[in-house]
Trainee: 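Have a look at this one before I ask anything.
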Amino acid sequence: MIKLDSLNPVQKQAVLNTDGPVMILAGAGSGKTKTLVTRISYLLEEKNVSAHQLLALTFSNKAAREMRERIAHEVSMDVGALQITTFHAFCAKLLRSEANYLGLSRNFTIYDEGESKAIAKSLLERRGISTKEINPYDILTYIDSLKNNGYYPGRVMQDGGGAEPSDEFFGYFEEYESELHRANALDFGGLITAVIQLFEKFPDVLSRYQNRFVYVLVDEYQDTNRAQFELIKMLCGKRRNICVVGDEDQSIYSWRGADIRNILDFEKVWPDVKVLKLEQNYRSSKTIIEAASCVIEKNTMRKGKHMWTDNPEGDAIEIVECFNDKDEAEFIANESAKLYRAGVPYKEMAVFYRSNAQARQIEDALRKSKINYRVVGGVKFYERKEIKDMLSYLRLIINSKDSLALSRIINVPARGVGATSLRKLEVEAVNSNTSLWDIIEKIVDHAGEFAHIKLSAKIKSSLSEFVTLINELRVLDQNKVKPSTIYEKALHESGYYAFLKANKDYETLARLENLDELLNAITQFEDSAEVPTLSGFLETITLDSNTEFDEGARAVDGEISLMTVHGAKGLEFTHAFVVGAEENVFPSYRSVDSGEIAMEEERRLFYVAMTRAMIKLYITFAQGRMLFGQVKFNGPSRFIDEIPEKLYSWKKLKGHQEDRYDNSFSGGNYDPYDQSQESYYDSDEVVYQVKETAAQPPKTYHQPKFPKGSKVVHSLYGAGLVESSEGAGAEEKVQIKFTDGNRKKFMVKFAPIVLA
DNA sequence: TGACCCTACATTTTT
DNA sequence: TGTAGGGTCA
């Protein structure tokens, strides 16, 4: 039996209205996931819908995983057959089974943004245009917007959004598409449009899927683009059991193609839709909810919800005016240490900023105060050079037409095939309309035909070795040899490992470690996947880079979280700091002068930031901030003005006496500080003692997890002894001597080590 | 081919 | 101010 008692009346409706179109507008913290999970569980258990007939689409793998886990917890049956997946993974899977309809082969490669950019660059290069004349990014933006709108070459668009031959970059688009096709590859956007194309051209295929998926759910609906909307529309055209859940006030990805009209116009497409609003907030204090509502109400493009909560009134929001960005960072460090001493665990605190660059200053201050922190986001494991190199080897094994992968590794390690030779080969490939691989293979096999391509005997023999190696690896893959075995063979027999090892600097060491961790990732995949194939592994990491290596936004014990507001969506913390609440910072200067639409998105962002906080919200800003090498005096954010005065207290920090500015801002509606507001604090807190309140958390806290002498077990290398250790927290590195005598260095945050 | 210097540039990044 | 990417030189 599914328990509905713990749901409020609207949530219950959202669960029980299983048939026909339903749109759930779920405010921040309104129990959205709980409702969705209950709805799916209800369909499975009470309405006897088979798992196979259900489809739930999300944006992130994290959301998909969370939902699956929670459903598994809720129902008694096996949820293995449930399709709870991201849009992209869903499309990829569908396309692999229907690939032949579109002239793709099922082993197609998925290109990420970096690879798309590389293609755009090579197209420019081919035309002899420098990246200064045309920014490849502009071409990609054009291509991306077409795909976001659901356009594929030749498609007749109902109401605009398609390509026109007169478009500046139309030629590039066509070439880009044919380049992808030649490489047997699709980009992220192409995964969606290819399915649209498939469904439009082959109605019988569409109808198969329409019949199969009786119930379809879409999470984070406000983030769907038009292409995704059309996909849903087609998929649900027959059964019409479509349930979307979203919040127009949390639409913060319009610049990625999210189309807020999908929410605002849902009723036009599904006139009989049942609209349900989840307006009760279970997360935040009354103060925070009221403040956030007052801000978001200034937006015009919304359906309008009225958030309320039964939670206590709570503390006033603390608005903190700092002298400069450095003081702001120090305040965060001091205040968080103070909260910690008062019993708030660091993992319950978070700092949200508008742009990544703001993190550095805060990191510095936290480090100085010896407070552990984690920055969510940043360089992805799979974007590191050595990882991309090895992945290119693996990709080439799976898809020989993947010329991008091939050109990346053909000379890594050096095989004498420099830029010039590669260019010659590429030209030949384009001219004979075949892939780079085919050309190289032909040259190796019967050089006679390609006498016009001048390559030294030495190059030819190393190319021949290369071809042999890849072909051998391919045979291993076809014979279902374990991916990890193939990887290790590729790593060593290609000479890549020796090539890296030749360097002895610290960076190289880190790279070798990363390669070890890649091996670790592959073995983990082998352990968890039902059918652990190499291509399966590659797909997983392209579509879900969020593996063990990057625990994403999950708060870690003892660490305060730092992230952009975008990264904060969907999370909650008891204590939150929204920093840099200044004009031109938050809202961003780019939005300040690009009109009301952009400003409304900034406001939604601010709203998202505010509604992450459960108990206490701090909003900080600096009088002066170093921006682009200059100190700027922007004045407090307009969004601060939109919060009713009675909900906040305003604290002005005394910075360093010697270099204070006069406290007035020119212009704006900024009111000189009301001293009475400061009375909220005890007098000794009004003047913040920046230096005296340096954090002193318990010492054990910063000790390395694996100090020298620890006996540990590594999941791959077995037992060992920590010989040396440096750093702590995310920076901790250890050298381990294993029982077999081998010594290895690891970054603790990556390595699968536990105390023995 | 790598190391270094210079200069241009500077939101957000679920897939 | 920080840095990534391009250009240049050894």
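In this text the structure is predicted, and so the values were computed from the model without any measurement. The sequence lines fix the lettering, A, B, ..., with proteins before strands; numbering per chain opens at 1.
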Trainee: Which whole-number value in Å describes the distance from A:N135 CG to C:dA4 P?
Mentor: 17 Å
Trainee: Of the nucleotides B:dT15, B:dT12, B:dT11, which one has an atom closest to the side chain of A:F628?
Mentor: B:dT11
Trainee: Is the phosphate of B:dT11 approached by A:N356 (side-chain N or O, under 4.0 Å from OP1 or OP2)?
Mentor: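 For B:dT11, neither OP1 nor OP2 has a side-chain N or O of A:N356 closer than 4.0 Å.
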Trainee: Considering only atom C1', compute the distance from C:dT3 to B:dT14 and round it to an integer number of Å.
Mentor: 26 Å
Trainee: Report the nucleotide, chosen from B:dT14, B:dT13, B:dG2, that has the shortest atom-to-atom distance to any side-chain atom of A:F499.
Mentor: B:dG2
Trainee: Touch check for A:T564, heavy atoms < 4.0 angstrom, all strands: base, sugar-phosphate only, or nothing?
Mentor: sugar-phosphate
Trainee: Is it true that A:N299 and A:Y607 share a donor-acceptor pair across their side chains at a distance under 3.5 Å?
Mentor: no
Trainee: Can you tell me the distance, in whole Å, between the CD1 atom of A:I110 and the C1' atom of B:dT14?
Mentor: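 So the two atoms are 15 Å apart, to the nearest Å.
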Trainee: With a 4.0 Å cut-off on heavy atoms, is A:E602 in touch with a base, just the backbone sugar-phosphate, or nothing at all?
Mentor: base
Trainee: Whole Å only: how far is the NE2 atom of A:H566 from the C1' atom of B:dT15?
Mentor: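 From A:H566 NE2 to B:dT15 C1': 15 Å.
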Trainee: Between A:Y111 and A:E179, do the side chains contain an N or O donor and an N or O acceptor separated by less than 3.5 Å?
Mentor: no
Trainee: Could you check how far CG of A:D247 sits from P of B:dT14, rounded to whole Å?
Mentor: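 Spelled out: CG on A:D247 to P on B:dT14 is 20 Å.
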Trainee: Does a side-chain N or O from A:S355 land closer than 4.0 Å to OP1 or OP2 of B:dA10, or not?
Mentor: no
Trainee: Nearest to the A:K569 side chain among B:dT13, B:dT14, B:dT11, which nucleotide is it?
Mentor: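 Of the candidates, B:dT14 comes closest.
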Trainee: Measure the shortest side-chain to side-chain distance between A:L515 and A:L500 over non-hydrogen atoms and say whether it is less than 4.5 angstrom.
Mentor: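 In contact.
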Trainee: Identify which nucleotide among B:dT11, B:dT1, B:dT15 has an atom closest to any side-chain atom of A:R590, counting heavy atoms from C-beta outward.
Mentor: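 That would be B:dT11.
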Trainee: When you compare the side chains of A:Q222 and A:E220, does any donor N or O come within less than 3.5 Å of an acceptor on the partner?
Mentor: yes
Trainee: Counting the atoms with a prime plus P, OP1 and OP2 as sugar-phosphate, which does A:Y589 contact under 4.0 Å by heavy atoms, base, sugar-phosphate, or nothing?
Mentor: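 The residue A:Y589 makes sugar-phosphate contact but no base contact.
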Trainee: Are A:S637 and A:E583 packed together at the side-chain level, in the sense that at least one heavy-atom pair is separated by less than 4.5 angstrom?
Mentor: yes
Trainee: Tell me the interatomic distance from A:E220, atom CD, to B:dT13, atom P, rounded to whole angstroms.
Mentor: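 About 15 Å, once rounded to whole Å.
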Trainee: Please report the distance, rounded to the nearest Å, between CG in A:N148 and P in B:dT15.
Mentor: 15 Å
Trainee: Can you tell if the side chain of A:V218 reaches within under 4.5 Å of the side chain of A:Q228, non-hydrogen atoms only?
Mentor: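 In short, these two side chains do not touch, never coming nearer than 4.5 Å.
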Trainee: Measuring to OP1 and OP2 of B:dT14, would you say a side-chain N or O of A:N61 lies under 4.0 angstrom away?
Mentor: no
Trainee: Below 4.0 angstrom from OP1 or OP2 of C:dG6, is there any side-chain N or O of A:K121?
Mentor: yes
Trainee: In terms of side-chain heavy atoms of A:R360, which of C:dG2, B:dT13, B:dT11 is nearest?
Mentor: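 Among C:dG2, B:dT13, B:dT11, the one nearest the side chain of A:R360 is C:dG2.
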Trainee: From the options B:dT1, B:dT11, B:dT13, select the nucleotide whose nearest atom is closest to the side chain of A:N411.
Mentor: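 For A:N411, the side-chain atoms sit closest to B:dT1.
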Trainee: What nucleic acid atoms does A:T58 come within less than 4.0 Å of, heavy atoms only: base, sugar-phosphate, or nothing?
Mentor: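 It contacts nothing in the nucleic acid.
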Trainee: Given atom CG of A:L422 and atom P of B:dT1, what is their separation to the nearest angstrom?
Mentor: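 Computing the A:L422:CG to B:dT1:P distance gives 11 Å.
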Trainee: Determine whether the aromatic ring of A:W255 stacks with the base of B:dT12, defined as ring centroids separated by less than 5.5 Å and ring planes inclined by less than 30°.
Mentor: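 The ring of A:W255 is stacked on B:dT12.
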Trainee: Using the C1' atom on both, measure B:dT11 against C:dG6 and round to a whole Å.
Mentor: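 After rounding to an integer number of Å, I get 24 Å for this pair.
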Trainee: Are A:E66 and A:R70 close enough for a salt bridge, meaning some N to O gap below 4.0 Å?
Mentor: yes
Trainee: Quick one: label A:E113 by what it contacts on the DNA or RNA (base, sugar-phosphate, nothing), any heavy atom closer than 4.0 Å.
Mentor: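 Here A:E113 touches the bases of the nucleic acid.
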Trainee: Taking only the side-chain heavy atoms of A:L543 (C-beta and beyond), determine which of B:dT15, B:dT1, B:dT12 contains the nearest atom.
Mentor: B:dT15
Trainee: From CE of A:M599 over to P of B:dT12, roughly how many Å is that when rounded to an integer?
Mentor: 17 Å
Trainee: Looking at the angle O4'-C1'-N9-C4 for a purine or O4'-C1'-N1-C2 for a pyrimidine, is B:dT11 syn or anti, with syn meaning within 90° of 0?
Mentor: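 Nucleotide B:dT11 adopts syn.
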Trainee: Check whether any side-chain nitrogen or oxygen of A:N584 sits under 4.0 Å from OP1 or OP2 of B:dT11, and answer yes or no.
Mentor: no
